[in-house]
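Report on the following structure.
Both counts, for ligands and for their atoms, begin at 1 and track the order of listing. All values derive from a computational prediction rather than experimental measurement.
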Amino acid sequence: MVTIQFCGGAQSVTGGNYLINNGNIKFLIECGLLQGKAEADEWNYQPFPYDPAEVKFLIATHAHIDHIGRIPKAVKDGFLGDIYSTHPTKDFSEVSLLDTVHIMESDNRRLPLFDQADVHQSMKQWKGVEYGDIIEVDQNVSFRFQDAGHILGSAVTEVWILDPETGKRIKLVTSGDLGNTPSVLLRNYDYVKEADYVMVEAAYGDRIHEQTDIRKDILRQAVRDIIERKGVLIIPTFSIERTQDILYELNDIVENHSGEGKILGRVGKIDVYLDSPLAIKSTEIHEKYPQYYNPEARKLAKEDDVFDFPFFQMTADRNSSMAINTAPQPKLIMAGSGMSTGGRILYHEQKYLSDPNNMILFVGYQAPHTLGRRILDGESPVRIHGKDVENKIEVRKVDGYSAHADQNMLLDWVSGFESPKKVFVIQGETDASFALANRIISDLEYEAIVPEENQIIHLS
Ligand SMILES: [Zn+2]
């Protein structure tokens, strides 16, 4: 008998963790941290509902921490098996997991969930594989990665599982997280035709994105305006993908590749700083894998360094970061974290927030109660590093940079399957999950269910 247990990521965007068992072997898809919820800490520290020592291997669909963040804990708790992902996912995961250790160690409320040694041990067990290659783990299971278009290295995963009782292979396909196709840099998500069972994410299962074609115009106009008034433009960014999307578009805005040839200074001169060690490392990983970009970006990457342009600087070390303070204006500063919950962005917000000549451009969702949200909502003063700061900065926002597929795209991806027996809607909050499930049932006439946490379902 083959079963799947939804140990996490059921009626929850984060904490993805799925255990598959065919009686001969057990394996996992995802092993993520629960994030952004009151019960998250409690949940993450709980023992797994299975013995990690009995798990043969693990598949990671992409490097976001809500998909990989508990892997070192599984290793610490006895998981000895191989971890499979694409090559970029492996690289990003090492950087992100070490950063997670750093964040946990600076939080003195409780002991870290795992330490650097657990991350290093995880990386020893980690194997990077190519998109499209069929990996035969053993006689029980094989799998193949296709593109998910979400962040570099993200994968849709096809898994074939032997049912030892019938001798039949059951095919399960999981979306991982699906991208907001078409993206600036990435390829579109791949469709899969055949599957017995489908797992589809529903982070934006009840939302439709705004038009994306105007996002570059908003960015260009913000840069132009700040140059004209010799101000400071601050962009809080998420380190993987969003930062590289913006850099790629700034590269085009400054060098004008998509216009009539390379006309330098078309928007005027502005110093641009990427002031985030994590985003810098993440940009370097992007540069290592141009073969996974979409055709247009790949073509440009052959002629040009797509993340570098005149007057651009990466400020990894402390001194060069602090020198941004005294650098002449106009200037543009990108720094993390994306919702201003920590990181170097706080120093820049502290310094530049009270001057209406400056501007902050939000390129991602700002969760309630975060500093980013308070600034966006025009709250003043706001508290940064224990001090009140007047919030008089001009606020703009652009919505088109989401890395997630919206409801129509999720439905479009599911419609690529010919006749699945069942679709499991996962990785969405309860309302979003049911909204997507209902559309799958009404529009596609497929059976769709929203599993509960720890529910076990028999696959046949
Ligand atoms: Zn993700």
Side-chain angles (χ1 to χ4, degrees), residues 8-18 28-37 40 44 58-71 83-97 99-100 131 145-157 173-181 183-190 199-205 207 209 237-245 278-279 282 285-286 289 292 336-339 341 363-367 400-407 409-410 413 424-429 432-433 436:
Q11 298 181 36
S12 168
V13 171
T14 61
N17 191 215
Y18 313 100
L28 288 171
I29 299 175
E30 326 281 33
C31 191
L33 274 177
L34 191 69
Q35 294 178 304
K37 290 188 177 182
N44 289 325
L58 187 154
I59 293 170
T61 65
H62 67 288
H64 276 148
I65 224 68
D66 57 324
H67 293 255
I68 57 153
R70 287 214 296 173
I71 289 177
I83 299 157
Y84 294 99
S85 76
T86 63
H87 297 288
T89 295
K90 183 183 173 194
D91 290 1
F92 287 132
S93 296
E94 181 166 19
V95 171
S96 298
L97 289 170
D99 186 62
T100 302
Y131 285 105
F145 290 133
Q146 306 278 13
D147 214 308
H150 168 59
I151 59 171
L152 195 75
S154 64
V156 162
T157 313
V173 179
T174 183
S175 64
D177 280 351
L178 289 174
N180 182 9
T181 288
S183 101
V184 178
L185 266 176
L186 304 178
R187 300 188 296 216
N188 293 358
Y189 50 70
D190 286 319
M199 294 158 74
V200 61
E201 63 114 336
Y204 282 52
R207 271 187 269 177
H209 290 323
T237 54
F238 299 89
S239 56
I240 305 178
E241 224 49 58
R242 201 84 44 103
T243 295
Q244 291 75 33
D245 283 354
L278 198 60
S282 165
I285 295 170
H286 275 78
Y289 297 108
Y292 302 132
S337 68
M339 297 190 202
T341 50
V363 295
Y365 174 68
Q366 304 297 311
Y401 289 99
S402 170
H404 276 278
D406 67 4
Q407 190 190 53
M409 296 173 197
L410 295 167
W413 182 76
F424 303 120
V425 179
I426 54 162
Q427 284 153 218
E429 296 309 315
S433 299
L436 181 63

request  = May I ask you to list the protein N, O or S atoms found at less than 2.8 Å from the Zn ion (ligand 1)?
outcome  = His62 NE2, His64 ND1, His150 NE2, Asp177 OD2
query = By salt bridge (charged side-chain N to carboxylate O under 4.0 Å, His left out), which residues pair with Asp91, not counting sequence neighbours?
reply = Lys288
request  = Sequence neighbours left out, what passes salt bridge (charged side-chain N to carboxylate O under 4.0 Å, His left out) with Asp190? Give chain and number order.
outcome  = none
message = We want to know whether Glu241 and His150 form a side-chain donor-acceptor pair, criterion being a heavy-atom distance below 3.5 angstrom.
response = no
task = Quick one: list whatever passes salt bridge (charged side-chain N to carboxylate O under 4.0 Å, His left out) with Glu429, sequence neighbours left out.
result = Lys37
message = For the residue pair Thr243 / Thr237, report whether a side-chain donor-acceptor contact shorter than 3.5 Å exists.
response = yes
key: Side chain proximity check, Phe238 to Met339, heavy atoms < 4.5 angstrom   = yes
